[in-house]
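I have placed the structure first, in the form of structure tokens, so that the comments after it can refer back to it.
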Amino acid sequence: MLLDRIRGCAYFQPMTVRPILTAPDPRLQAVSMDVETVDAEIRTLVDDMAESMYEADGIGLAAIQIGVAKRVLIIDLDQKEGKKNPRAFINPKIIWVSEDMAVFEEGCLSVPEIWDDVERPARIKCEYLDRDGKKQILEADGMLATCLQHEMDHLNGVLFIDHLSRLKRSMAIKKLIKAKKLKAVG
Ligand code: NI
């Protein structure tokens, strides 16, 4: 299986930029599995995800976007020239959400050239393991709260366009299919 092959390669390799899957792709609908141990393989995965995210000019990435169905995501919202500070969230779980909502325009490396407003809880509290396997609890608001929810959706096979109206979603999917066909020809 392709997923296993990609995962197998993760062992003992230097940081690698891995290709990012784009919708529609059935792999992006997979529900990712919990990480059992935060070991060298997971840290390599985290490093590769960071490389792949920076290469694609993204601010967040879930492992499934590079074809690995594990509950791992990375976020870096403070990218300034040459300064990188990727944060890893392993087995993240939302343990509280605020009643007040916030709207942000979202985009996604797996949904190229499409941006739209999505409403989500404005603040959340989440529990996760960091890159060292230590349990952390974080209360987030603003962009970070939205970004965490967007990335956690990926772990459940959900894309931001799944939050749009049926009409907007089907228009987005048509656009994505067309872009894929053009890419295949060109
Ligand atoms: Ni995304």
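Order of listing sets the numbers, starting from 1, for every ligand and every atom in it.
- Hydrophobic side-chain contacts under 4.5 Å tie Leu21 into a cluster, directly or through other members, with Leu28.
- For the Ni ion (ligand 1), the tally of protein N/O/S atoms lying closer than 2.8 Å stands at 3.
- In this structure, CD on Gln65 lies 12.5 Å from CZ on Arg27, to the nearest 0.5 angstrom.
- Applying the side-chain hydrogen bond (donor to acceptor under 3.5 Å, both in side chains) criterion to Arg169, with sequence neighbours excluded, gives Asp162.
- Think of Phe104 as one node in a network of Ile, Leu, Val, Met, Phe, Trp and Tyr side chains linked at under 4.5 Å; its network also takes in Ile59, Leu73, Ile75, Leu77, Phe89, Ile94, Val97, Ile124, Tyr128, Leu138, Met143, Leu144, Leu148, Met152, Leu155.
- Judged by distance alone, the side chain of Thr37 and the main-chain N or O of Asp39 form no donor-acceptor pair under 3.5 Å.
- A donor-acceptor pair under 3.5 Å links the side-chain atoms of Asp76 to the main chain of Asp78, judged by distance alone.
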